[in-house]
Amino acid sequence: MTAFSLDPVQTAWCAELRALAEERLRPLAEKGEPGHVNRALVAELGRLGLLARLFTSGALDLCLMRESLARGCTEAETALALQGLGAHPVHAYGTRAQRERWLPRVADGSAVAAFALSEPGAGSDAAALALRADRDDARAPTSAPGPGEAAPAARGASSAASGAAPGVPGAAPADPGSSPAASGVEPGVAPAASGVAPGVPGVAPAASGTVPAGPGPSGVEAQESPVAERDGWGSWRLSGEKCWISNAPEADFYTVFARTTPGAGARGVTAFLVPADRPGLTGTPLDMLSPHPIGALAFDAVPVTADDVLGEPDRGFRVAMHTLNLFRPSVGAFAVGMAEAALAATLTHTAGREAFGGRLKDLQTVAHQVAEMAMRTEAARLMVYAAAAAYDEGAPDVPRRAAMAKLLATETAQYVVDAAVQLHGARALRRGHLLEHLYREVRAPRIYEGASEVQRAVIAKELYASVEAP
């Protein structure tokens with residue numbers, strides 16, 4: 001792969017995003033209530049055109065947005081990322097009806113999306129999902145579609161969401177349960193290149209109707225009729241639980257992954273688009289370390305039909321893996337943004353702080369610590385950009401690159417923020433201090449969308465796959 005660097009247009013756009021985060025988004029974030037969806041902040045992201053860009057951007061563009069916003073306002077970054085995570089399956093695998101109903105509302109910030117993969121007993125091992133989708137239609141086939149079939153989109157003309165559910169205290173910045181199985185990718189499923197290349201200067205407001213309803217990022221045209229319906233599948237009842245779901249229980253719709261074929265592992269999971277007002281769907285807030293909304297969902301025979309399927313029945317795991325392969329490098333970008341903010345604060349503090357008869361920066365131990373923080377942050381940034389560029393190019397080694405980028409960046413951010421706290425001393429632990437905020441924010445990314453241990457397993461598996469057995 002060729003060496004990577006940002007061009008002047010991209011650099012200028014990132015600077016503009018950082019300024020917007022500090023001047024327009026942070027004030028809205030500060031007015032929000034911890035543990036609740038900040039709908040005013042989401043709406044402002046829509047007015048700025050940033051949410052619409054989720055559906056026209058490649059992985060690199062997504063990384064630049066997340067890194068730049070995280071530098072100035074982590075709440076804005078998280079709100080944007082969660083909209084993308086929850087709605088990307090609709091954009092990539094939804095039918096025309098599903099896209100036209102939900103994507104414009106996600107883009108203008110009037111509908112909140114959520115990605116519901118994790119369960120109490122299936123976090124890192126996402127292929128072990130237990131949420132049941134029991135068929136209740138006599139037309140349902142006796143066997144699932146063959147493993148060699150393609151994954152076209154399905155239809156989803158579902159009922160309208162009724163708005164926000166009860167409030168949510170506490171949370172993590174993205175779905176901690178959106179972690180894949182240790183393999184990191186379903187056998188035989190290659191990630192598709194996503195969207196267009198980054199590099200548009202400025203941020204233009206989103207116009208109504210600008211969200212594409214044609215082919216998704218994989219190049220598959222939206223279907224007019226549900227694949228599930230054409231193949232004889234009828235309807236299901238969802239029964240079970242989801243847990244650690246960001247934006248739950250306040251989201252307007254959920255991308256839900258449920259088991260349609262028992263005992264089939266990753267091959268027996270189906271993705272559904274489930275509006276929040278479906279009968280039998282309830283949610284409970286969870287009180288977490290970070291200030292973002294996260295909760296548990298309970299499904300009591302929630303009705304879904306062929307119209308609600310995303311992709312094909314029993315082929316939902318590829319929907320999850322495609323989404324995670326796109327967003328995994330950008331989780332690293334979020335972490336890099338936090339590391340940059342912590343490093344900038346440390347440079348300012350150590351350059352001006354008088355101690356031991358001089359400035360802190362003049363102490364060799366301090367200077368060397370700051371140099372280490374800067375070096376690791378830059379290395380993480382470059383790996384994130386390289387992984388995102390590989391995704392956009394459709395490279396075959398995306399799972400390995402994405403896992404490496406996410407692992408290095410999140411572990412680096414934890415190190416940098418912790419070092420920054422140490423160099424600031426007790427003041428950094430005071431409630432409301434930037435580093436106190438970052439210290440709470442930086443921990444969760446090492447767990448969600450594939451814990452660090454899972455990323456190492458993915459990397460090792462991909463490496464050994466290229467070695468022939470003796």
Side-chain angles (χ1 to χ4, degrees), residues 29 32-43 45 75 78-90 101-102 105-106 109-123 126 129-133 156 158-179 237-258 271-304 308 310 320 323 444 447-449:
E33 186 175 355
H36 292 266
V37 172
N38 188 331
R39 289 185 176 260
L41 180 61
V42 174
L45 288 168
E75 295 91 342
T78 298
L80 176 127
L82 294 182
Q83 287 290 84
L85 189 66
H88 179 76
V90 182
R101 178 169 188 81
W102 289 107
R105 294 185 58 198
V106 171
S110 62
V112 172
F115 187 83
L117 178 62
S118 175
E119 297 177 5
L129 294 179
L131 178 71
R132 301 192 326 273
S158 33
S159 58
S162 58
V168 187
D175 183 3
S178 55
S179 0
R237 295 277 175 170
L238 303 181
S239 300
E241 298 176 79
K242 292 291 181 182
C243 197
W244 321 118
I245 308 304
S246 292
N247 280 346
E250 296 189 39
D252 297 308
F253 72 92
Y254 300 89
T255 297
V256 177
F257 299 87
F272 295 94
L273 193 165
V274 183
D277 63 350
R278 283 290 166 89
L281 175 58
T282 58
T284 306
L286 299 174
D287 190 6
M288 306 292 288
L289 178 67
S290 296
H292 311 295
I294 188 170
L297 298 172
F299 295 79
D300 184 7
V302 175
V304 290
D308 301 311
L310 293 168
T323 302
I447 298 174
Y448 65 67
E449 295 190 43

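Note that the coordinates shown come from a computational prediction; the quantities given were computed from them, not determined experimentally.
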Could you tell me whether the side chain of Lys242 and the main chain of Phe257 form a donor-acceptor pair under 3.5 Å? yes
Heavy-atom pair with the smallest gap, counting every atom of Thr323 and Pro89: OG1-CG, 3.5 Å
I'd like to check Ser118 versus Tyr448 (side-chain heavy atoms, cut-off strictly below 4.5 Å). Are they in contact? no
Show the nearest heavy-atom pair for residues Ile245 and Ala114, with the distance to one decimal. CG2-CB, 4.3 Å
Residues Leu297 and Gly283: closest non-hydrogen pair is CD2-CA, 4.1 Å
Could you report the tightest heavy-atom contact between Val302 and Arg278, atom names first, then the distance? CG1-CB, 3.7 Å
What pair of heavy atoms forms the shortest contact from Ala87 to Val106, and how long is it? CB-CG1, 3.9 Å
With heavy-atom distances below 4.5 Å as the criterion, would you say the side chains of Val42 and Gln83 are in contact? yes
Using a 4.5 Å cut-off on heavy atoms from C-beta on, say whether the side chain of Ile447 contacts that of Trp244. no
Note: Glu119 and Leu129 closest approach over all heavy atoms is OE2-CD2, 3.5 Å
Side chains of Pro303 and Pro279, heavy atoms from C-beta outward: is any pair under 4.5 Å? yes
Out of curiosity, Asn247 CG to Phe253 CZ, how far, rounded to the nearest 0.5 Å? 10.0 Å
State, yes or no, whether a side-chain contact exists between Leu286 and Cys243 at a heavy-atom distance under 4.5 Å. yes
Apply side-chain contact (heavy atoms from CB on, under 4.5 Å) to residues His88 and Thr255 and explain how you reach the verdict. CA-CA 9 Å; His88 179 76; Thr255 297; over 6 Å; no
Please assess Asn38 against Glu75 for the test side-chain contact (heavy atoms from CB on, under 4.5 Å), listing each intermediate value before the final yes or no. CA-CA 9 Å; Asn38 188 331; Glu75 295 91 342; over 6 Å; no
Phe272 vs Leu310, side-chain contact (heavy atoms from CB on, under 4.5 Å): CA-CA, chis, key distance, verdict: CA-CA 5 Å; Phe272 295 94; Leu310 293 168; over 6 Å; no
Less than 4.5 Å apart, any side-chain heavy atom of Asp308 and any of Val274? no
Are Leu238 and Val304 packed together at the side-chain level, in the sense that at least one heavy-atom pair is separated by less than 4.5 angstrom? yes
Show, in sequence, the C-alpha distance, side-chain angles and deciding distance for Val112 and Arg39, and conclude whether the side-chain contact (heavy atoms from CB on, under 4.5 Å) test is met. CA-CA 8 Å; Val112 172; Arg39 289 185 176 260; 3.6 Å; yes
